[in-house]
2 protein chains.
Amino acid sequence: MARAATTADVFNAIAEPRRRELIGVLADGKEYAVGEVVVRLRMSQPAVSKHLGVLRKVGVVSVIKRGQHRMYRLNAAELKPVHDWVKMFERYWTHQLRQIKERAERKALERIISSDSGTKSGNREE
Amino acid sequence: MARAATTADVFNAIAEPRRRELIGVLADGKEYAVGEVVVRLRMSQPAVSKHLGVLRKVGVVSVIKRGQHRMYRLNAAELKPVHDWVKMFERYWTHQLRQIKERAERKALERIISSDSGTKSGNREE
DNA sequence: TTGACATATTCCTATATGGGAATATATTTA
DNA sequence: TAAATATATTCCCATATAGGAATATGTCAA
């Protein structure tokens, strides 16, 4: 099997740096025409259109026609799955002092345990 | 140019669902041998090794040899860039009531504006 | 209608993938 | 030393890219 499509889910869609930049432009919640994004990011127009297309397929942006322009708007709620997933690890870098303390305690505990029964690399249950 | 390598950065590395599952196993902070992961996720051993290899290249996991085992441990701090980036959009889905109210206000404002000067799709500065 | 403008789509190509199968490389044990 | 065990690596291939260039499509204005 090949790599999953960029349009497979939000995680794949935002893996591309240019697309994150794109989202960054739309981050103020206002709507932008393709041409505006082209100017701001100094990308080619087809590139912008394609990237916006990917983001639209996963729902991260939405479009409405207005005259000859297509106005793109961020649909930030679609980024929530990413936030939810990575939030699980928040505690690893917040509260640095508490974290350092806990790590020290854990190491001390490991020392005590390993001076106990040996190295058999036991079956960590199951 | 082709798509960026999965080892290019954390965003690309975690785009693959199996790798997020892998990280999920290591999420308790303990160290795991490859074989343990193979059993827990019911993936083939080469697949696990390869995925762990990707995660190691971007620094999300670290390895130490212990006997004939390679013990993998999560290096959660490397996920912080993802957290930092997506945190910018937190406000869009928290405080739902406030959010709904703001959206209503915005729409009302837009109605007022559009009944004003027309559709010229003005140059949003710059 | 014709032309100017805004955007999307198609065609191209080098590149990397993920998975399965087979195999190589340790390391422990008998 | 040889077998067993744990893990990594290689080879294979179908698939999808991202970007540039060219072009198609759609919309407004004269």
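A note on names: the letters A, B, ... follow the listed sequences, proteins ahead of strands, and every chain is numbered from 1. Computed from a predicted model, the values in this text were never measured in an experiment.
- Arg20(B) meets the salt bridge (charged side-chain N to carboxylate O under 4.0 Å, His left out) test with no other residue; sequence neighbours excluded.
- Donor-acceptor pairing under 3.5 Å is recorded for the side chains of Arg19(B) and His51(B).
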Original post:
In the 5'-to-3' direction, what one-character label does each nucleotide of nucleotides 4-13 of chain C receive under the scheme B = base within less than 4.0 Å of a protein heavy atom, S = sugar-phosphate only, - = no such atom?
Top reply: -BSBBBB---
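- Across the protein-nucleic acid pair, Arg18(B) atom CZ and dT17(C) atom P stand 17 Å apart, rounded to whole Å.
- Between Phe89(A) and Trp93(A), the distance separating the two ring centers is not shorter than 6.0 angstrom.
- Summarising the geometry, the separation between CD1 on Ile64(B) and P on dA6(D) is reported as 17 Å, rounded to the nearest angstrom.
- The side chain of Arg66(B) contributes no N or O atom lying less than 4.0 Å from OP1 or OP2 of dT27(C).
- With Glu31(B) as the fixed residue, the side chain to side chain contact (heavy atoms under 4.5 Å, CB included) test singles out one of Ile64(B), Leu26(B), Val63(B): Ile64(B).
- Checked against Tyr32(B) for a side chain to side chain contact (heavy atoms under 4.5 Å, CB included), the options Arg73(B), Arg40(B), Arg70(B) give a single hit: Arg40(B).
- Atom CD in Glu31(B) sits roughly 16 Å away from atom P in dA6(D) (whole-Å rounding).
- Separating the CG atom in Leu22(A) from the CG atom in Leu74(A) is a distance of 10.5 Å, to the nearest 0.5 Å.
- Residues His83(B) and Glu90(A) have side chains that bring a donor and an acceptor to within less than 3.5 angstrom of each other.
- Counting to the nearest Å, the P atom of dA8(D) and the NZ atom of Lys65(B) are 10 Å from each other.
- Between Met43(B) atom CE and dA6(D) atom C1' the separation is 17 Å, expressed in whole Å.
- For DNA chain C, the residues of residues 2-12 of chain B within the heavy-atom distance limit of 4.0 Å (strictly under) are Ala2(B), Ala5(B), Thr6(B), sorted by number.
- Atom OG1 of Thr7(B) is separated from atom CZ of Arg56(B) by 11.5 Å, given to the nearest 0.5 angstrom.
- Computed from coordinates, the Glu16(B) CD to dT17(D) P distance equals 14 Å when rounded to whole Å.
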